[in-house]
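Scroll down for the structure; my scribbles are underneath it.
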2 protein chains.
Amino acid sequence: MKDNNDMPGHLARRFQQIAVAVFLAEVEDAGFDLTPVQYAALATIKANPGLDQVTLAGLIAYDRTTITGVIDRLVQKGLAERRASSRDRRARELDITDEGRRTLRKITPAVESAQRIMLQGLSAKEGAELMRLLRKAIAAGNDLSRAPMRDSPA
Amino acid sequence: MKDNNDMPGHLARRFQQIAVAVFLAEVEDAGFDLTPVQYAALATIKANPGLDQVTLAGLIAYDRTTITGVIDRLVQKGLAERRASSRDRRARELDITDEGRRTLRKITPAVESAQRIMLQGLSAKEGAELMRLLRKAIAAGNDLSRAPMRDSPA
DNA sequence: TACTGATAGTCAGCATACTGAGCAATATCG
DNA sequence: CGATATTGCTCAGTATGCTGACTATCAGTA
């Protein structure tokens, strides 16, 4: 009789559930209101100024229909800008605002703290091994979800 | 400059994303329409006949507000039954139907196949180690989410 | 250049997850 | 026994994620 705890899928769900809760708690303690998804998007926009939504989605493996709402909320909070591209009138170019840059800078300690807390039950070596195995499993399964990771076309 | 791929939280999200996609694809190929969440709930109801919703939620670490909708859908599909408890008029007792039992039995190969596919990039030893590390990290962080795992009161 | 196919983005709809609030019923304790 | 606290469940609201469909635009080709 296979228990739920023998199912990698169930363990994945539980670990992610804890990871999100820890992230939100640390970030809120630091005085900010940003979800893990919003954080990843904002950090990626900062690292790739002027990128379009599909490219952003590919870099962080979000579905393109999900990213629309995420960006809506970043724009509404004044952390990012969305404007029409001059080269391709279908596309929107994304950029981080000064406010977004400030937020990213100030939020970093909380984000790093969250990453430590979600691995708190593991030794440093075990934590590194967990991340290695996750990366390896993810690489092998990358194309199995609707929103695979895609390198920047540049 | 920390990359997203150095964040355990981001890796957790990606792995779970792939796990869900693989599960849904395998189950659909087998001719069924059941989500990972619905499957876990149904299997746990079968293993604990007559349990109430809070106990079920604790066993699989779902939020109690989430489980309401999940059970709604199981009941609507004719796979589970929800009826008032005679001992505690606040509580609802849950049971699996014959149809639910049949579905669980027929769906098992697809579920097992899905668990294999989501670990396909790892050796057997690595897969086991990944699961061990996930269980350990989850145990240490259990109380950090709103819906921690809880053993059956019985 | 006109046609065809592909691409960027959005939208409606559904299923998790969570926050916070509320109702009904039970448990506890003075 | 009666006041209070707790518990089981539900609901409204928000944020991912996904499927599938649609519009606008672009790219390639006959």
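Just so it is clear: chains get the letters A, B, ... in the order the sequence lines come, proteins before strands, and each one is counted from 1.
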| remark: Across all chains, not counting sequence neighbours, the side chain to side chain donor-acceptor pair (under 3.5 Å) partners of B:D95 are B:R83
| said: Short of 4.0 Å, heavy atom to strand atom, which residues of residues 29-40 of chain A count as contacting DNA chain D? | reply: A:T35, A:V37, A:Q38
| said: For residues 13-67 of chain B, which residue pairs pass the ring-ring contact (aromatic ring centres under 6.0 Å, His included) check, not counting sequence neighbours? | reply: B:F23-B:Y39
| task | Name the first nucleotide and the last nucleotide along DNA chain D (5' to 3') that come under 4.0 Å of a heavy atom in chain B. | result | D:dT7 to D:dC18
| message | By the ring-ring contact (aromatic ring centres under 6.0 Å, His included) test, which pairs, at least two apart or in different chains, include something from residues 66-102 of chain A? | response | none
| task | Not counting sequence neighbours, list each pair that qualifies as a side chain to side chain donor-acceptor pair (under 3.5 Å) and has a residue in residues 68-77 of chain A. | result | A:Q38-A:K77, A:D72-A:R82
| Residues in side chain to side chain contact (heavy atoms under 4.5 Å, CB included) with B:R146, at least two apart? | B:D63, B:R64, B:T65
| request: Provide the full list of side chain to side chain donor-acceptor pair (under 3.5 Å) pairs with a residue in residues 7-25 of chain A, sequence neighbours left out, each pair given once. | output: A:R14-A:Q17, A:R14-B:N142
Contacts under 3.5 angstrom, residues 109-121 of chain A side chains, donor-acceptor by atom type, not counting sequence neighbours:
unit_1 : atom_1 : unit_2 : atom_2 : d
A:S113 : OG     : A:E26  : OE1    : 2.8
A:Q115 : OE1    : B:G9   : N      : 3.2
A:Q120 : NE2    : B:A140 : O      : 3.2

| field | Nucleic acid contacts of residues 89-97 of chain B, taken as heavy-atom distances under 4.0 Å to DNA chain D | value | B:R90, B:A91, B:R92
| note | Sequence neighbours excluded, the answer for side chain to side chain contact (heavy atoms under 4.5 Å, CB included) partners of A:D143 is A:P148, A:R150
Taking only nitrogen or oxygen atoms into account, show me every contact under 3.5 Å that the protein makes with nucleotides 19-23 of chain C, one pair per line with its distance.
unit_1 : atom_1 : unit_2 : atom_2 : d
C:dT19 : OP2    : B:R146 : NE     : 3.1
C:dT19 : OP2    : B:R146 : NH1    : 3.4
C:dG20 : N7     : B:R146 : NH1    : 3.4
C:dA21 : N6     : B:R64  : NH2    : 3.4

